[in-house]
Each structure stands twice: as structure tokens, then as C-alpha cells.
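Every chain is numbered from 1, with letters handed out A, B, ... down the list of sequences. Please read all numbers here as calculations on a predicted model, not as lab measurements.
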Amino acid sequence: MEQRYNPQTIEARWQSFWEENDLFTVTEKPGIPKYYLLEMFPYPSGKIHMGHVRNYTIGDVVARYKRMRGFNVLHPMGWDAFGMPAENAAIANNTHPAKWTYDNIDAMRAQLKQMGFSYDWSRELATCKPEYYRWEQWLFLKMYEKKMAYRKESFVNWCNSCQTVLANEQVEAGMCWRCGRLVRQKKLWQWFFKVTDYAEDLLLYSDRLPGWPEKVITMQKNWIGRSIGAEIRFPLPKSNRTGDTEIPVFTTRQDTVCGATFMVLAPEHPLVLKLSQGTGQEKETAGFVERMALQDRSVRSLESFDKEGVYIGADCINPLTGRKIPIYTANFALMEYGTGAVMSVPAHDQRDFEFARKYGLDIVVVVDPAGEHLDPATMEEAYTGEGIMVNSGEFDGMPNVDALDEIARYLEKNDLGKKTVSFRLRDWGISRQRYWGAPIPMIHCEGCGIVPVPEKDLPVMLPEDVEMLSGGKSPLPSLESFTSTVCPNCGKRAHRETNTMDTFVESSWYFERYCSPACDRGMFDPQAVAYWMPVDQYIGGVEHAILHLLYSRYYTRVLKEMGLVDFKEPFTRLLTQGMVCKETLSCAEHGFLLPDEVQTDGELRRCIKCGNQVTVGRIEKMSKSKKNVVDPNVLLDKYGADTTRLFCLFAAPPERDLEWSEQGVDGGYRFLNRLWRFYVDWVQHVTAVKPFNGSPESLDGAVKELYRKTHQTIAKVTSDIEDRYHFNTAISAIMEMFNRMSGFEPDDPMEDTLMVMRCAMDNMALLLSPIVPHFAEELWQALGNPPSILEMPWPESSATALEKEELLIVIQVNGKLRSRFSVSADIDDETVKEKALADERIQKFINDKPIKKVILVKNKLVNIVV
RNA sequence: GCCGAAGUGGCGGAAUUGGUAGACGCGCCAGACUCAAAAUCUGGUGGACCUUGUGUCCGUGAGAGUUCGAUUCUCUCCUUCGGCACCA
């Protein structure tokens, strides 16, 4: 053991030891319980950031811990390698997306290896490789066969700056999730996956994921957005000449149908233009529809957004009252939800109420609150609560909650509508007008239409000999050698689909691919998947709570439907770690500043460029734009991987945000140094003895205390890791144990004493090994144990060592702590009470007040109520 | 607006089932070592008060409640963060 702790030397040494001995490569071992630990794979952006470091450190602790607990642990790593940044970088640096991506992968792999993570690198995969995406194309063909993948022309969210379509989930408050610019509407032919077929099942199973955070489940449920209601058909008058006879609407408030005084259609609704023909309103209607088509979705969703609409000149009939009601088209009606038509009940829906007031439409009250009468003329807002039916014919007098069912039944009986369920969830649009993605394996033939690429022709290779276009557009449509092909059906000239798949498709099955990454007969080897899947513990950022996790759950259902897997849920347990945050520094003139652009001048901090005072801003998520980032490489150079890992785990429990603190990192480094020096001093004295393994009864004094502390710490660290993943308190416990060890002054230097110390030192190394693995290996070896520590079983705490013969009893008077005393563990309750009452200081508090009650909590506390 | 999470010393955080609030670390203060500094080591460190004690009182965002006893349970409110937001 070196005199000085030198992290760089020992970390490099152990990393190569692990690699040379192939310690992280795993295979299926049917007799041994498996544990699949997965962290969300990174996009190869060039460098790992602190978010990755935290995520992967948490995962590595669990992987190493489970391994020591005897599990056959699968812990893979790979690259989510398709995506737009590669194209942008390629244009900016005049390189190729593939080269940029593979260079980044090499750089990031080296960084991850430096962190000492226990990955089975033999399973590494990159989703941009043909041997990966070929199977995704294969499944696409299967999905197309089963009508799970289909094409339709639809309005899509279009980001003009990224030149691409975005999924609803990729639009955040009307802005592109990636570049933050406004999203517009555009009509394009798109490929879709029929996620909505599984809406019900995905929702149902949300409640069968006990290992997932409640927060994520709630978000998914809200996203799926199931509403129970009715579809009601509103007839069109016989006089209408379009040939259409009715307009179906979806409502959750069929009890209020008699209060429906107008109808609202989405501007894109096919009946809008048709019905307005020849009514004199056609010009105004068409003008409105056109204006709405150009209006950005972002404007529509703004808070200040004004409800706006026009009368289309036609009317329909309220099926229950027989009343003729006007049809409007308005900007708040969505074509994608329900039937694209709304029955408007202004008395009982706030949005309809505002619209009715704005356009002077009738308001009819059909639900009165108990004991009250609403007057449409004086109402100031819609009444949406429960009440008693009025103005509804035979349903009058009925509680509206009962009318919900009764009216639904009435509608069904009279063939006017039916009970139904509507979902907020839309089908997954997977077409991207991008180059750097998996080609959709379809061919467009003038004669035969859409024809799938035959299975034997897979993969449809993404051509790598392309020139990236500076405008950011995909080069594929203009690449003759790619688009030009022959129709597999008729043999005539045809052209390929030039859209590529959303990269969320790749990340929806990579965890299955890891089970047999080299498999060339299918997506994966079914036996390997049967052994490893599902993932026992998945760890990643909460930003993927909806997108990636819902898609993966869906895709797994597709695989099950195809008979490829026999489970529905891919991730048994999910941990979403908090963000890594740090304060921002900024100066009035130069904006955000890096820490080394700031100099400390006494109490003040100044900008080195202009000398202005620096504002210390809020603690925010680390981001390049705010310059509040910490480069993992700098930490590795200065402190090494173990200190970096230690701080990430110690500063906060994993699900919470972590506030970066340079001083905190330093504290971790000092702890490791103290520990190192302690081992340097003690190792020579204990290598000759075996760890203490006898009965604690034969020990006493400080020696016994140390032995007990060792076992208490084993128990505490084990439960903190096993039950809660609270590594911060596990580390605290180890620090406490170390404080005990370093203050250890044995009364006599007997062999027992050395054996107890040896036991403490061995166990400390074992407890530390998932957290600071290189450091622990070094301690382990210095104690004369054979490497590797990660092959050792996790220590067990002994019940007899934990037994206490002395207990501290706390005495309260009226719930306030007044005194305490020690008793032997075998004392009976009555004696404890007597002792408490007899206590001098307690007597002082009791005086001669009568004792009402004495409460005793076994082995802990006595409370005397006076 | 709706849904959810969080609020504890100067700071990060602990208190796992209603039972000693503030573990552990950072920072700060004092001392030791040193010509000196750094590093290291030792001790102290929620606030107020006094009679300096194993002292009294206050103290977990605010206010109420349940309880012998509440950081923990219930209600109301405030603040911060996250998600959703014309979904009929």
C-alpha cells in the first residue's frame, strides 16, 4: 500500500485488472437468480455530463451490490446513436454524421471506463448500425402486415428550424423541445403506430407497476387521458342537401344534452365547408377555416388565447329536445379529439358559456344546484357541479349523476347514441423528414401504391455516401441512388420512402437487444430474453416519464402480440433520479459566466473581463447555456473517479435534485484520504490475524463497542441500499463507523483486539466497494485478501453482535424530555416505570401533582402525565 | 386553472412504524503542529435567557386540530419546483 492516496494510479490499475480478468462479462446461468440493471443509454453528444455521471453511478452501486448478493447481474451500456444533433454538427463542422457519431462514442466510452462502471462492454450496441436497425425495419413490416403501422395524411407539428415533424410530446408549450422555436402546422403524409389500440391496457397496467414512482404513473395516466361519456348523434334537418344526415359528438356530460343550444365543429372538420355551401355564410366560413389552418398550434394554446368562431349557416337538431340549434366552427374545437364536434352546453361548461356570451347564444339551464334556481340571464359563470335535472322532460327532478346513466340508456334504446370512452392519447407519428435515422422500409409504386420492402431485402441501408445540405434538410429525397428502386410487386421503376423513423423507436427495444446483441436471426434470441427480461431496475431522468417510457411499454405489447416475448411490462422497477444543479454566475455586461471568469475580491466577486460585480443567481439545472456546468474530466483529473462517485451519492438521495458543491467534493476527497492514512497505519498490525469471528460476550469495553458498531453499520448500509437506495445515509453510517475506528484506543493490545479491528477493516472495505470500487479493491488487497473484492459475498450482520445488554430509556413528563437512564436489556416494564418515577429530576417535575397516567414504550421511553 | 412533490441550523441533508429534532458532511470559531502558511490533528458550533446546569424556555413554511407525545397524521393557507392545460 502506497503511503499516499493516489487515485489516478490505483484507478487505472484496477480498471485494467477488471478488464484483463473479464469480470463484468456475463452469460445466462439458469441456476443462478438473474438481475437486470439498466440505465438509460446516452445520446453520443461528445462528452458525458454530470447528469450521466450521477445516473450511472447510482446504477453501478446497485449493480455491484446485487452482484455481491449473489445475483447474476446484467449491466449493459450502449448508444442511442441516431438523431438530429449529428446532422447539425456534420453541417457545422463539414463532416459526416456517422463519423461524428462514432468519434463521440469512442470519446464517451473512454470516459465511462474511467469512471469505473461495471458494464459488460461485450454487449455494447449503437442504434445507428445496420445490424441493429435492420430488426426494427423487420418489425415495422410485421406491424404493417397487422395494420399496427399505417399511413395517413395529417396535420403535424412542424418545426421550421429543424425542418422536421415533431410528435405532440415533443412540443412543449407550443415550442420545439429541441431548439425552442415556434412550431407550425403542416399537412403531410405520415406513418403512424397504432398506440391507441393499447390505450386501455396501458392505463390498466399503470396500476400494476408498484415499483414505479407514483409521479410517473400519474403523468402517464394523465397523458392517456381516459374519459367515460357518450357519443350522441345530432341529426341534420331534412332540408340539408349535402347527403349527410347527422353529426356525432362526444361528451362526458350527456346529462346536459337538453341544454345543448349550439354545436361547434373543429375548423378541419369535413362538414364545415360542406354544410356552409349555399347558405350565404360560405365565404365567411371558408375565410375563417383558412385563417385557422395557418394559425400556429402554439398560438392556439396560449393562455391569452381568445375563443373565436363563426356561424357556418347551417343548423342541426338536438336529438332530445327536437330543438333546432346553430352550428359554429371555432378555434377551440380539436379535430383530433373525440369526433371533432362539440355539443355546447353554455349553462354547464365554462368555455361554452364564454362563447355563448360573446356571440349572444341561448343559455338553457338543465341542472340546478340543490335548493336553488339558476337564471341564465344573470349567471356569471357556468355551473359545473352536481344538482337536480330541470328543463329535460322526463328526466326532470332526477339527480344529474343518475341522469348520466339514464340518458345514456335512453339514447342507446332510441338509437340516438351510445356509451363510449374517449382517450386523449393519439397514435404515434413516427415519420421524420431527417437523414440520420432508420429508413422506413417501404416503396412507393405508381401502379401498386405502397409496397413493403421484402424481408429478404432488409436492411434498407441508410446510405453513408451523402453530402449534408446546409439548409438542414434531409439529403435522402434528392439522392437518386437511394430513392430509385424497382417495385417488388410489378418490377417497374418505383421510389423508396425517404422518411426515417423517430429515434424513440430505437430506444423502445434496446433493452431486449442487450440480451443477445449479436443475434443475426432476429431482433433477439428468445431464450436470452426469457432469461434476462424484464429489466429488474431501470434508472434514468424523469424527463422521459412520458415519451420513452410509454413508447417502450407500447412496443413491448407489440412484441407480445407478435409472440416474440411473453411479458407486457419491460421495467419492473423504475428510479427517476433528480437533476444535477448549480448556482449561476452572471455579470450585467457579459451575461452568464464560467466560474473561472470570476475573481474573488474580498467579499465581492467580479467579472474578470469588465470588473463588474457578479450576480450569484438561482440554483438551476446544469446547462451549457447557463455556464453552470462542471466537466467530469476536470473532476477525474483532480480527484479521481471514486471521489466523484462518492460525492454524487452523498450529497442527496437519488430521487432528489443534487446541488453541486465544490467544497462538498473536497470533503469527500478528504474522507477518502483520512481513511487511506488510517489503513496505512493499521494494516501492518492486522494482516497477521484473522477477522474476529467469535462470540461478542467474550469482548468488552471499546473493543466490544467497535465490534457492535461494525455490525450495526453492516445492517444499516444493507437496508439503506436494499430497501431505499438511500446511499447518502449509507455513506453517513460508514463515516460514523470510521469515526469510531479512528478514535479507537484499545485498553489492552490482545489478539482479540486486533481481530476485531481486522474485522472492522475488512467489512469497511466490503461496504465501500459498490460506492468507491477502486479504493475498496486497494484496501482489500492491502489487508492481504486476494482480489477481486467484487467476487466476495456481501457481509451479513450478526444478530448476536447487535444485541444490546444496556438500553437507554428516556423519561418525559407531559411529553417533554426531562431525564434519561440506562438499564440492562432484560429488565421488566414495571421496574422501568418504578425507576423512572423514582428519578430525582423527575421527582422535581412531578412535585406533588397527581400522576394521571404512565405511558411506556418498550426499550425506549417512559412518559409521565401529571 | 387542474394534478403532484417539496419546505428542517449559515449550507447539503438525517430522524425508516407517531416516541431523545438537527445523524453525517460542508462552512465557521478556538486550539495543537509550523519561523510562517497550506495540509493534518483536537475541541466547539440551532436560537434566547440565566443561577453555567445531566439548566429553563423557544424552535422542523404559517395557522388550527387529533394525541400522553406530531418534522411524521387531519384540515386551511403561503412559497418553491415539476407535469398537464381549451381533451368537450
Side-chain angles (χ1 to χ4, degrees), chain A residues 172-173 213-223 225-227 229 249-253 256 264 266 300-303 305 307 330-334 336-345 349-352 354-355 422-426 542-543 545-546 578-579 618-620 646-647 650-653 655-668 670-671 673-674 677 716 719-720 723-724 726 728-736 738-739 742-743 808-821 840-841 852-858 860-866:
Chain A
E172 289 166 353
E214 199 56 48
K215 177 170 71 167
V216 174
I217 291 181
T218 310
M219 280 161 74
Q220 293 210 349
K221 281 184 177 172
N222 291 340
W223 191 262
R226 183 180 195 267
S227 304
V249 303
F250 173 75
T251 181
T252 54
R253 290 296 305 272
T256 65
V264 173
R300 282 210 201 180
S301 63
L302 283 180
E303 218 167 303
F305 171 68
K307 284 158 195 55
N331 54 357
F332 64 79
L334 306 171
E336 311 90 83
Y337 186 74
T339 61
V342 186
M343 69 168 211
S344 293
V345 185
D349 181 286
Q350 187 57 26
R351 186 193 50 204
D352 296 345
E354 285 165 27
F355 194 80
S422 195
F423 292 93
R424 209 189 81 110
L425 183 74
R426 315 278 150 82
V542 73
E543 64 273 20
I546 300 169
M579 300 181 293
R618 294 191 331 175
I619 292 159
E620 290 184 74
L646 183 68
F647 177 74
F650 182 60
E655 67 279 3
R656 255 208 255 183
D657 285 353
L658 183 151
E659 191 185 315
W660 194 262
S661 150
E662 183 72 28
Q663 286 162 334
V665 183
D666 226 57
R670 284 206 299 263
F671 171 68
N673 271 291
R674 265 201 305 276
R677 285 193 301 270
K716 169 82 177 148
S719 77
D720 281 348
D723 308 337
R724 313 195 298 165
H726 276 203
N728 56 331
T729 51
I731 294 167
S732 289
I734 294 172
M735 286 173 166
E736 263 185 76
F738 175 65
N739 290 344
S742 59
L808 184 69
I809 304 287
V810 169
I811 320 174
Q812 296 180 335
V813 176
N814 288 344
K816 280 188 181 166
L817 175 71
R818 293 303 179 190
S819 184
R820 60 193 79 177
F821 63 97
E840 256 177 69
R841 294 213 307 280
K852 279 198 204 151
K853 214 186 206 178
V854 178
I855 289 147
L856 183 122
V857 179
K858 201 155 178 55
K860 244 183 194 162
L861 151 156
V862 179
N863 188 13
I864 299 157
V865 187
V866 297

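When heavy atoms are screened at a 4.0 angstrom cut-off, A:V342 is found touching base atoms of the nucleic acid. No engagement by A:T339 is indicated, since no non-hydrogen atom pair under 4.0 Å with the nucleic acid exists. Contact annotation for A:I734: no contact, since no heavy-atom pair falls under 4.0 Å across all strands.
Here the separation of B:rC29 from B:rG46, taken at their C1' atoms, is 16 Å to the nearest Å. Here the separation of B:rG83 from B:rU8, taken at their C1' atoms, is 26 Å to the nearest Å. One C1' atom belongs to B:rU67, the other to B:rU72, and the distance between them is 13 Å to the nearest Å. Rounded to a whole angstrom, the distance from the P atom of B:rG65 to that of B:rC11 is 30 Å. Taking atom P in both B:rU79 and B:rG25, the straight-line distance is 37 Å, to the nearest Å. Nucleotides B:rG7 and B:rG13 place their C1' atoms 13 Å apart, quoted to the nearest Å. Nucleotides B:rA15 and B:rC84 are separated by 35 Å at their C1' atoms, to the nearest Å. Going from the P atom of B:rC49 to that of B:rG10 covers 16 Å, rounded to whole Å.
Here the side chain of A:R426 is nearest to one of B:rA21, B:rG19, B:rC87, namely B:rC87. Nearest nucleotide to the A:V865 side chain, out of B:rC68, B:rC24, B:rA88: B:rC68. Taking every side-chain heavy atom of A:V810 into account, B:rU20 is the closest of B:rA88, B:rU20, B:rC68.
Here A:K816 reaches the OP1 or OP2 of B:rC58: one of its side-chain N or O atoms lies under 4.0 Å away. Contact between the side-chain N/O atoms of A:K215 and the OP1/OP2 oxygens of B:rA5 is not found at any separation under 4.0 Å. A close approach under 4.0 Å does occur between a side-chain nitrogen or oxygen of A:R677 and OP1 or OP2 of B:rC41.
Interatomic distance, A:K853 NZ to A:N863 CG, rounded to the nearest 0.5 Å: 9.5 Å. Atom CG of A:L856 is separated from atom CD1 of A:I809 by 7.0 Å, given to the nearest 0.5 angstrom.
In this structure, the CG atom of A:N863 is 10 Å from the P atom of B:rC68, given to the nearest Å. To the nearest angstrom, P of B:rC84 lies 9 Å from CG of A:N222. With rounding to whole Å, A:L861 atom CG is found 15 Å from B:rG18 atom P. Between the CG atom of A:L817 and the P atom of B:rA70 there is a distance of 13 Å, rounded to whole Å. Summarising the geometry, the separation between CD on A:Q812 and P on B:rG19 is reported as 11 Å, rounded to the nearest angstrom. Going from atom CD of A:Q350 over to atom P of B:rG1 covers 13 Å, rounded to whole Å. For the pair A:K858 NZ and B:rU17 C1', the interatomic distance rounds to 18 Å; values are reported in whole Å. In this structure, the CD1 atom of A:I217 is 17 Å from the C1' atom of B:rC84, given to the nearest Å.
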> Dot-bracket for RNA chain B, 5' to 3', counting Watson-Crick or G-U wobble pairs under 3.5 Å, with [ ] for crossing pairs and | for inter-strand pairs?
Replying inline: (((((((..(((......[....)))((((((.......))))))(((((..).))))..(((((..]....))))))))))))....
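Each of A:R818 and A:T252 was matched to the nucleotide of RNA chain B holding its nearest heavy atom; the match closer to the 5' end belongs to A:R818. When each of A:V857 and A:D352 is assigned the nucleotide of RNA chain B bearing its nearest heavy atom, the one mapping closer to the 5' terminus is A:V857.
A:N728 places no side-chain N or O within donor-acceptor distance of the main-chain N or O of A:A652, the cut-off being under 3.5 Å. Counting only distance, with no hydrogens or angles, the side chain of A:N814 and the backbone of A:V866 share a donor-acceptor pair below 3.5 Å.
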So which protein nitrogen or oxygen atoms get under 3.5 Å of nucleotides 14-16 of chain B's nitrogens or oxygens?
| unit_1 | atom_1 | unit_2 | atom_2 | d |
| --- | --- | --- | --- | --- |
| B:rA14 | OP1 | A:N728 | ND2 | 3.2 |
| B:rA14 | OP2 | A:R656 | NH2 | 2.7 |
| B:rA15 | OP1 | A:R724 | NH1 | 3.1 |
| B:rA15 | OP1 | A:R724 | NH2 | 2.9 |
| B:rU16 | O4 | A:K716 | NZ | 2.3 |

Check nucleotides 25-30 of chain B for protein N or O atoms closer than 3.5 Å to its own N or O atoms and list the pairs.
| unit_1 | atom_1 | unit_2 | atom_2 | d |
| --- | --- | --- | --- | --- |
| B:rG25 | OP1 | A:N739 | ND2 | 3.4 |
| B:rC26 | OP1 | A:R670 | NH2 | 2.9 |
| B:rG27 | OP2 | A:R670 | NH2 | 3.1 |

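Taking the syn range as angles within 90° of 0, the glycosidic angle of B:rG9 is syn.
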>> side chain to side chain contact (heavy atoms under 4.5 Å, CB included) for A:R424 and A:N222? Distances and angles first, verdict last.
In response: CA-CA 8 Å; A:R424 209 189 81 110; A:N222 291 340; over 6 Å; no
>> If you apply the rule side chain to side chain contact (heavy atoms under 4.5 Å, CB included), what do you find for A:Q812 with A:I855, and how did you get there?
In response: CA-CA 9 Å; A:Q812 296 180 335; A:I855 289 147; over 6 Å; no
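Residues A:F738 and A:M735 form no side-chain contact, since every pair of their non-hydrogen atoms from C-beta on lies 4.5 Å or further apart.
Ring centroids of A:F355 and A:F332 are separated by less than 6.0 Å, placing the two rings close together.
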